[in-house]
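Here the structure comes first, spelled out in structure tokens, and everything after it is commentary.
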Amino acid sequence: QVHLVESGGGLVQPGGSLRLSCEASGNTFSNYAMGWFRQPPGPERPENEREFVAAINWSGSSEYYPDSTKGRFTMSRDNAKNTVYLQMNRLKPEDTGIYYCAQDRTAVYSGYLDYWGQGIQVTVSS
């Protein structure tokens, strides 16, 4: 059974920074691409409707970002620690939400996510 556990969320002022971590267990972590997604405040969305935030391939050599986070967020991974990270800088109130990490079913990012963490709250507010 694959488990993904996020940590590092909290309350931060606009313009501030946070770093999220996601530790995986239960399979060979380095075989899979990983992604970060978020659920904005409001009605809960199904997994396939969560907002894409960042993704990284199995080795960390390729990263992917939507326009909303490009230049502000950086995703990385440490395969020796079975962990991915999301460094978030210049945070905005619209970045508020529940952040989820997810494991792709392939080594290069495909967008087909097989496993999800439980989510962690990030609040950007003064």
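Predicted model, so just to flag it, every value in this text is computed and none were measured. Computed over heavy atoms, backbone and side chain alike; hydrogens, waters and symmetry mates excluded.
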Tell me, with the steps shown, if E94 and V124 meet side chain to side chain contact (heavy atoms under 4.5 Å, CB included). CA-CA 8 Å; E94 52 263 43; V124 184; over 6 Å; no
Is there a side chain to side chain contact (heavy atoms under 4.5 Å, CB included) between Y65 and T74? Walk through the geometry before answering. CA-CA 9 Å; Y65 304 93; T74 303; 4.0 Å; yes
May I have the step-by-step check of side chain to side chain donor-acceptor pair (under 3.5 Å) for N79 and R77, ending in yes or no? CA-CA 6 Å; N79 286 342; R77 67 189 295 158; 2.7 Å; yes
Checking side chain to side chain donor-acceptor pair (under 3.5 Å) for the pair Y99/R38: CA distance, chi angles, key distance, verdict? CA-CA 4 Å; Y99 281 68; R38 66 188 177 196; 2.9 Å; yes
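Put simply, V53 and L18 are part of the same group of oily side chains (I, L, V, M, F, W, Y) that touch within less than 4.5 Å, one to the next. Y32 and W36 are not part of a single hydrophobic cluster, where members link through side-chain heavy atoms under 4.5 Å apart. The hydrophobic clustering, which links ILVMFWY residues whose side-chain heavy atoms are closer than 4.5 Å, places F37 and M75 apart.
Among R90, Q87, M88, the one residue that satisfies the side chain to side chain contact (heavy atoms under 4.5 Å, CB included) test with S17 is Q87.
In this structure the side chain of D114 never reaches within 4.5 angstrom of the side chain of D104, judged on heavy atoms. Residues S76 and V84 form no side-chain contact, since every pair of their non-hydrogen atoms from C-beta on lies 4.5 Å or further apart. By the 4.5 Å heavy-atom criterion applied to side chains, E51 and S68 are counted as neighbours.
In summary, D95 and K92 do not engage in a salt bridge, as defined by a charged side-chain N under 4.0 Å from a carboxylate O.
The 12-atom threshold is not exceeded at CD of E44, counting heavy atoms of other residues, nucleotides or ligands nearer than 6.0 Å.
Minimum heavy-atom separation, T96 to P41: O-CD, 3.5 Å.
In this structure, L86 CG and F73 CZ are separated by 6.0 Å, a value rounded to the nearest 0.5 Å.
Checked by atom type and distance alone, the side chain of S61 never pairs as donor or acceptor with a backbone atom of S59 at under 3.5 Å.
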What pairs of donor and acceptor atoms, side-chain ones from residues 21-29 against any protein atom, are under 3.5 angstrom apart with sequence neighbours left out?
{"residue": "N27", "atom": "OD1", "partner": "Q103", "partner atom": "NE2", "Å": "3.4"}
{"residue": "N27", "atom": "ND2", "partner": "Q103", "partner atom": "OE1", "Å": "2.7"}

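A perpendicular orientation is assigned to the rings of W116 and Y100, their planes being inclined by more than 60° (bins at 30° and 60°).
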